[in-house]
Amino acid sequence: MPSAFATNMRFKFSILAIFLEVLIIILFGIFVRYENNQPIKKDKLLLYPFFQDVHVMIFVGFGFLMTFLKKYGFSSVGINMLIAALGLQWGTLMQGFWHMKEQKINIGIESMINADFSTATVLISFGAVLGKTSPVQMLIMTILEITIFSCNEHLVVNVLRATDTGASMTIHAFGAYFGLAAARVLYRPGLKEGHKNEESAYHSDMFAMIGTLFLWLFWPSFNSAIAHPDLQQRAIINTYFSMAACTLTAFALSSLVEHRGKLDMVHIQNATLAGGVAVGSCADMSIYPFGAMLIGSIAGVISVIGFKFLTPFFSSKLKIHDTCGVHNLHGLPGLLGGLASIIAAVAHVKWRETDSPSAPMQAAALGCTIGIALVGGAFAGLVLNLPFLGQAPDENCYDDSVYWEVPAEESQPAGQFSDAGDHRTVNLNV
């Protein structure tokens, strides 16, 4: 890698990362305190297994799910870890500011779970711009998105009083449409015809499938972690059966839409998870297992159809290049989850002992979330589009060697091709 670019990265990325961490430490020193100074009750610690499961999803599940690009595995897992580490700290502050008591943010295991949730929105958006952004851009995007996410979450949960236990709307739909709006602003005409590194290899798809399995196994915890203790089992059961039904449907439709009747690994890696996204908003409602399975089955169908038909349309007609297809895994199923919660409210499905969700408020929550995500994502895209943030030129997209030291056998001298025909240019003019 040219020394000029290495120096550029050293100062741009390192100084920004250190500045943000120093700022966060100062803010924690001023505002953050333990939840209480008394001995912790055992019922509080019952949340810790849920926190562990969500934590694994954030760092392992999301990270490995994005390793499908054959030469971008370091960045997929590594930048995922960077975003999560920054995001959980910033999320603690941004969410905590809405719930301050005596000018202090009191934190416990539940606030740690919510901080991980805020990080998930950025990781979803990261999928839409994967391979086309620099680490500097992702640090900035993390700060901007979590700030906007926290405001939208406060609006949905505390102002509109909508129910969104598994966060189909506030996390999945928000993260997807925020990322899509940013991707539209960051659109690169030079990548319209594709890029030789924007493809998978056998081993990279296997690594991505590891991420899928981790997410699949732990999703019931994600949807039930912050549910009322009396309703956690219901949320787990609904998610469990929704995902099972979704998986069978996704496999079936993947074979159906492929002209040779073969399964597409892209569908299996992603669409099998759509049931967990879609059932989230009404996970703790009395929709009964068959209702959860119906939601999951529909989610599997729309996700596969999205990958097959909508992704090419978005790229060619709307100039939205969605690298990971987050619209199909998080956006469409997130919309479905919001609509399912509205239908459940209209049908007066009981979700607590003495209360039921309001259909108008559920609809308002869904509309506000999509609107705020699109506007916020477009604004973030404008900021990230500033020319001095270390974005690689088109020919160097989807390539770890731009931002990472990679093993010698994985890189080629500038201007040369490997035997497999992969161009490894590293001559950057940044």
Side-chain angles (χ1 to χ4, degrees), residues 91 94-100 110-111 113-114 117-118 120-121 124 145-178 181 222-232 234-236 238-239 242 274-288 291-292 294-296 298-299 302 330-377:
M94 292 299 101
Q95 292 174 309
F97 284 142
W98 291 109
H99 307 285
M100 294 179 70
E110 185 172 352
S111 64
I113 293 173
N114 282 316
F117 282 168
S118 69
T121 61
I124 292 167
E145 182 166 2
I146 288 180
T147 302
I148 298 170
F149 159 80
S150 299
C151 296
N152 179 70
E153 184 187 50
H154 176 74
L155 172 64
V156 168
V157 176
N158 299 318
V159 178
L160 298 178
R161 303 249 176 221
T163 178
D164 192 30
T165 302
S168 299
M169 296 181 285
T170 52
I171 291 179
H172 298 288
F174 182 91
Y177 288 103
F178 190 102
F222 190 96
N223 281 356
S224 62
I226 61 170
H228 189 278
D230 295 339
L231 302 176
Q232 280 183 322
R234 183 188 296 170
I236 291 169
N238 285 338
T239 306
S242 178
V277 175
V279 80
S281 288
C282 49
D284 60 348
M285 296 183 189
S286 294
I287 57 175
Y288 299 103
L294 179 62
I295 292 172
I298 296 173
I302 64 174
H330 301 279
L332 292 174
L335 288 176
L336 174 62
L339 292 174
S341 72
I342 296 171
I343 294 171
V346 169
H348 302 288
V349 177
K350 186 182 257 189
W351 72 292
R352 290 221 171 110
E353 288 293 325
T354 59
D355 201 4
S356 60
S358 163
M361 291 301 98
Q362 294 297 120
L366 180 59
C368 289
T369 295
I370 301 304
I372 292 172
L374 290 173
V375 174

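Hydrogens, waters and symmetry mates play no part in the numbers below; they use all other heavy atoms, side chains included.
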Counting C-beta onward and ignoring hydrogens, is there a side-chain heavy-atom pair between S118 and M94 closer than 4.5 Å? no
Note: A173 and I370 closest approach over all heavy atoms is CB-CD1, 3.9 Å
Measuring from N114:CG to S150:OG, what's the distance to the nearest 0.5 Å? 9.5 Å
The reported gap from CG in N152 to CD1 in I372 (rounded to nearest 0.5 angstrom) is 4.0 Å
Can you name the nearest heavy-atom pair linking T165 to A227, along with the distance? CG2-CB, 3.6 Å
Under the side-chain contact (heavy atoms from CB on, under 4.5 Å) criterion, do V346 and Q362 qualify, and how do the steps go? CA-CA 10 Å; V346 169; Q362 294 297 120; over 6 Å; no
Side chain S242, main chain G275, donor-acceptor under 3.5 Å: yes
I171 vs F222 side-chain heavy atoms within contact, under 4.5 Å: yes
Side chains of V375 and I148, heavy atoms from C-beta outward: is any pair under 4.5 Å? no
Could you tell me which residues satisfy side-chain contact (heavy atoms from CB on, under 4.5 Å) with S281, sequence neighbours excluded, listed by chain and number? D164, S168, M169, S341
Gap separating the OH atom of Y177 from the CG atom of L374, nearest 0.5 angstrom: 8.0 Å
Do T121 and E145 come within less than 4.5 Å of each other through their side chains, counting heavy atoms only? yes
Does the side chain of I295 come within less than 4.5 Å of N238's, by heavy atoms? no
M361 pairs by side chain to side chain contact (heavy atoms under 4.5 Å, CB included) with which of L160, T163, L366? L160
For H330 and V277 the tightest heavy-atom approach is O-CG1, 3.9 Å
